[in-house]
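Please read the structure below before turning to the comments.
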Amino acid sequence: IFNQAGSVQGYEIHCGEVVYGMNCKPIYMSNSGFDGALTHHESQFIMGTFIHDIFKNARFTREVVNRLRQKKGLSPFSAPLTHTEDIREY
């Protein structure tokens with residue numbers, strides 16, 4: 001669904017099985033199969049994932065933000081991405 005974002009990195013912690021409901025689609029394919037969920041409920045955009053640190057992936061974050069901006073009638077961001085690893089505080 002977020003094809004422009006390419007691959008993402010993070011870590012996954014969960015147990016159990018993901019069951020997709022009506023109008024719900026997986027976000028991505030991981031080594032262990034499909035994961036994450038995306039649905040549109042009325043006028044809402046609902047997304048979930050088991051991937052921790054997913055928003056440290058700049059391209060993925062840009063895709064999510066741009067989808068939200070477009071739903072609000074705003075133009076997408078197009079400035080060069082910042083590499084957050086270079087500015088993160090420890």
Side-chain angles (χ1 to χ4, degrees):
I1 291 175
F2 295 100
N3 294 335
Q4 299 296 323
S7 62
V8 296
Q9 294 181 345
Y11 60 98
E12 184 176 6
I13 301 175
H14 76 91
C15 63
E17 184 178 332
V18 175
V19 177
Y20 293 99
M22 189 183 320
N23 300 323
C24 189
K25 300 177 184 178
I27 296 176
Y28 51 84
M29 176 70 116
S30 69
N31 292 339
S32 58
F34 289 111
D35 211 316
L38 176 70
T39 188
H40 296 277
H41 176 70
E42 298 174 2
S43 64
Q44 297 177 339
F45 170 78
I46 303 168
M47 183 185 90
T49 181
F50 289 113
I51 299 289
H52 295 260
D53 288 344
I54 196 163
F55 289 109
K56 288 183 180 178
N57 296 277
R59 290 175 61 196
F60 178 82
T61 302
R62 170 71 58 89
E63 282 295 308
V64 171
V65 169
N66 279 343
R67 278 182 175 247
L68 294 171
R69 289 179 60 83
Q70 289 172 341
K71 285 189 70 62
K72 296 285 187 181
L74 301 171
S75 60
F77 286 127
S78 59
L81 293 170
T82 302
H83 295 284
T84 57
E85 298 80 27
D86 298 338
I87 59 173
R88 189 175 301 136
E89 294 182 29
Y90 294 94

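Atom CZ of R67 is separated from atom NZ of K72 by 16.0 Å, given to the nearest 0.5 angstrom.
A search for side-chain hydrogen bond (donor to acceptor under 3.5 Å, both in side chains) contacts involving E12 returns H14, not counting sequence neighbours. When the side chain to side chain contact (heavy atoms under 4.5 Å, CB included) test is applied to N23, the partners found at least two apart in sequence or on another chain are T39.
The main-chain N or O of Q9 is found under 3.5 Å from a side-chain atom of N57 such that the two form a donor-acceptor pair. Checked by atom type and distance alone, the side chain of R69 never pairs as donor or acceptor with a backbone atom of L74 at under 3.5 Å.
When hydrophobic residues (I, L, V, M, F, W, Y) are linked wherever their side-chain heavy atoms come within less than 4.5 Å, the members clustered with F77 are V65.
Between H52 and Y11, the ring-plane angle classifies as parallel under the 30° and 60° cut-offs.
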